[in-house]
Amino acid sequence: MGGWTAGDIPDLSGRRAVVTGANSGLGYATARELARHGARVVLACRSGQRGGEAQDRLLAEVPGAEVEFRPLDLADLKSVRAFAEELDGERLDLLINNAGVMAMPYGRTADGFETQIGVNHLGHFALTGLLLPKLLAAQGARVVTLSSISHFGGQVNLDDLHGERRYNRWTTYSRSKSANLLFVHELARRIDAAGADVMAAAAHPGYAATNLQYAAPRLEGRRFAERFTTLTYRLLAQSAEQGALPTLFAATAPGVEPNAFIGPRIQGWRGRPTRSWRAKWTRDDTMAKRLWERSEELTGVRYEALRV
């Protein structure tokens, strides 16, 4: 695993991938490398303009790539359902749950969920469940969900999942990233119990220079926060291309184990992909099951093929 790069991605000809949040940053870098190695890639993005621009940019960088943009707003379950229903074809080989929001001011999704837990966890929970039949139809399909090293900052609180009692933007972000890992933990367990030919893993980019950390400061007009982010990126961050390597490894490398958590090797911040450490609460069977059941109730999406 030590020297693994995007050049080690195997031939993906004949395989199909969906990458959420693929218009920029980690998602775009991931989609481009999958397409470069032969996969048919669906760019699942909220903005039609940015999604179309990303498609054009990718085709310019990888002439002949099989890539298409399809609208997906993870903050609206109607959009999630429409995306899943309209995705043609009988099979899906790779689902990359990449999209996310970070440290946003308090808000609600179209379905009344707190924005960060709604987009980062519940939207992807629903999407994965709705696409499960296509994943099961593909031999050796993989689901890779992006978490963060910041998950250490907060355990999921099912008694205040939507931050109605107390809201801290960074704690809530950390909780949403813990939720991602609990989701993968329970998904991997259910896949194993059902004997299904799908592999679920998680990844994180370390500290990568993307647009994610700019979103909230720009929304609120916090210019100092923007400048601080720019400075730390210059001093500490690795590129989006490097940050995408753990995701690409989890999605394509041989021998990745179910429920693996892949991240950069140097203190979890930067470097080539390797197994990453994770908080013990993200392997809590009871909490993972409880979060799963709550997620089914909130989204109305039930994984019938994985009932246990």
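These numbers were taken from a predicted model, which means no experiment stands behind them.
Other residues, nucleotides and ligands contribute only 12 or fewer heavy atoms inside 6.0 Å of the CD atom of Gln49. The 12-atom threshold is exceeded at CD of Glu68, counting heavy atoms of other residues, nucleotides or ligands nearer than 6.0 Å. By the neighbour-count criterion of 12 heavy atoms within 6.0 Å, atom CZ of Arg307 is densely surrounded, having more than that number from other residues, nucleotides or ligands. Shown here is Arg70, whose CZ atom has more than 12 heavy atoms of other residues, nucleotides or ligands within 6.0 Å. Few gaps surround CD on Glu164; more than 12 heavy atoms of other groups in view lie less than 6.0 Å from it.
Annotation for Leu245 and Thr5: closest pair CD2-C, 4.1 Å, computed over non-hydrogen atoms. Taking both residues in full, the closest heavy atoms of Ala65 and Ala35 are given as CB-CB, 4.0 Å, listed atom of the first, atom of the second, then distance. Nearest heavy atoms, Leu182 versus Met287: CD1-CG, 3.7 Å. Closest approach of Ile262 and Ala250 over heavy atoms only: CG1-CB, 4.2 Å. Here the shortest heavy-atom pairing between Ala17 and Leu34 reads CB-CD1, 4.0 Å. In terms of heavy-atom proximity, Ala31 sits nearest to Leu58 at C-CD1, 4.0 Å.
We find that Glu53 and Arg50 are not joined by a salt bridge, their nearest charged nitrogen and carboxylate oxygen being 4.0 Å or further apart. A salt bridge links Arg32 to Glu61: one of the charged nitrogens lies within less than 4.0 Å of a carboxylate oxygen. For Arg81 and Asp76, the salt-bridge test fails: no basic side-chain N is under 4.0 Å from an acidic carboxylate O. Under 4.0 Å is where a charged nitrogen must lie from a carboxylate oxygen, and between Arg15 and Glu66 no such pair does. Between Glu186 and Arg283 no salt bridge is recorded (no basic side-chain N to carboxylate O distance below 4.0 Å). In summary, Arg190 and Asp192 do not engage in a salt bridge, as defined by a charged side-chain N under 4.0 Å from a carboxylate O.
Under a 3.5 Å cut-off, the side chain of Arg294 and the backbone N or O of Leu158 do form a donor-acceptor pair. Side-chain atoms of Arg175 never come within 3.5 Å of backbone atoms of Gly154 as a donor-acceptor pair (strictly under, hydrogens ignored). Remark: the backbone N or O of Ala54 is not paired with any side-chain donor or acceptor of Asn23 at under 3.5 angstrom. A donor-acceptor pair under 3.5 Å is absent between the side-chain atoms of Asn98 and the main chain of Val19, judged by distance alone. Judged purely by atom type and a 3.5 angstrom limit, Thr282 uses its side chain to pair as donor or acceptor with the backbone of Ala279. Looking only at distances, no side-chain donor or acceptor of His37 sits under 3.5 Å from a matching main-chain atom of Asp11. With hydrogens and angles ignored, the 3.5 Å screen pairs no side-chain donor or acceptor of Thr109 with any backbone N or O of Gly118. Between the side chain of Lys177 and the backbone N or O of Leu146, at least one donor-acceptor pair lies under 3.5 Å. Remark: the backbone N or O of Leu77 is paired with a side-chain donor or acceptor of Asp111 at under 3.5 angstrom. Within the 3.5 Å criterion, the main-chain N or O of Ile117 finds a donor-acceptor partner in the side chain of Glu114.
Just one residue in the list Trp170, Tyr106, Tyr167 forms a side-chain hydrogen bond (donor to acceptor under 3.5 Å, both in side chains) with Gln116, and that residue is Tyr167. Paired with Asp285 under the rule side-chain hydrogen bond (donor to acceptor under 3.5 Å, both in side chains), one option of Arg290, His185, Arg189 passes, and it is His185.
Side-chain contact annotation: Thr128 with Asn97, donor-acceptor N/O pair under 3.5 Å present.
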Practice item. Go through Met199 and Ile191 one step at a time and tell me if the side chain to side chain contact (heavy atoms under 4.5 Å, CB included) criterion holds. Key: CA-CA 8 Å; Met199 196 279 292; Ile191 288 171; over 6 Å; no
Point to revise | Steps toward side chain to side chain contact (heavy atoms under 4.5 Å, CB included) verdict (Phe113, His121) | key: CA-CA 10 Å; Phe113 310 143; His121 169 62; over 6 Å; no
Exercise for review: Output, in order, the C-alpha distance, side-chain angles, deciding distance and verdict of side chain to side chain donor-acceptor pair (under 3.5 Å) for Ser176 and Asn120.
Suggested key: CA-CA 6 Å; Ser176 74; Asn120 295 354; 3.0 Å; yes
Exercise for review: Would you sort out whether Val101 and Leu74 count as a side chain to side chain contact (heavy atoms under 4.5 Å, CB included), showing the intermediate values?
Suggested key: CA-CA 10 Å; Val101 293; Leu74 290 161; over 6 Å; no
Check your understanding: What's the verdict on side chain to side chain contact (heavy atoms under 4.5 Å, CB included) for Asp93 and Gln139, showing C-alpha distance, side-chain angles and the deciding distance?
Key -> CA-CA 7 Å; Asp93 300 274; Gln139 185 176 7; over 6 Å; no
Point to revise | Test side chain to side chain donor-acceptor pair (under 3.5 Å) applied to His124 and Thr145, step by step | key: CA-CA 8 Å; His124 281 125; Thr145 300; over 6 Å; no
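The line from NZ of Lys134 to CG of Leu136 is 12.0 Å long, rounded to the nearest 0.5 Å. Note that CG of Leu248 and CG of Leu94 are 10.0 Å apart. Values are rounded to the nearest 0.5 Å. Here the CG-OG1 distance, from Leu127 to Thr299, works out to 11.0 Å after rounding to the nearest 0.5 Å. In this structure, the separation between CG on Asn180 and NE2 on His204 is 12.5 Å, given to the nearest 0.5 Å. Rounded to the nearest 0.5 angstrom, Asp284 CG and Ser178 OG are separated by 11.0 Å. Taking OG1 of Thr115 as the start and CG of Leu122 as the end, the distance is 11.5 Å to the nearest 0.5 Å.
Between Trp4 and Ile9 there is a side-chain heavy-atom pair separated by less than 4.5 Å. Arg272 places none of its side-chain heavy atoms less than 4.5 Å from the side chain of Pro264. Taking 4.5 Å as the limit, some side-chain heavy atom of Val42 sits within range of a side-chain heavy atom of Phe83. Counting heavy atoms from C-beta on, the side chains of Thr247 and Pro205 never come closer than 4.5 Å. You'll find the side chain of Leu135 reaches within 4.5 Å of the side chain of Val143, heavy atoms only. Trp277 has its side chain within reach of Ile149: a pair of non-hydrogen atoms, C-beta onward, lies under 4.5 Å apart.
By the rule that hydrophobic residues join a cluster once side-chain heavy atoms approach within less than 4.5 Å of another member, Val198 and Phe125 end up as members of one cluster. Placement of Phe183 and Leu72 within a single hydrophobic cluster is found when ILVMFWY residues are connected by side-chain heavy-atom separations under 4.5 Å, directly or transitively.
Between Tyr303 and Trp292, the angle of the ring planes lies from 30° to 60°, which puts this pair in the tilted group. Note: Phe152 and Trp281 have perpendicular aromatic rings, judged against thresholds of 30 and 60 degrees for the angle between ring planes.
Between Phe261 and His151, the gap from one ring centroid to the other is short of 6.0 Å.
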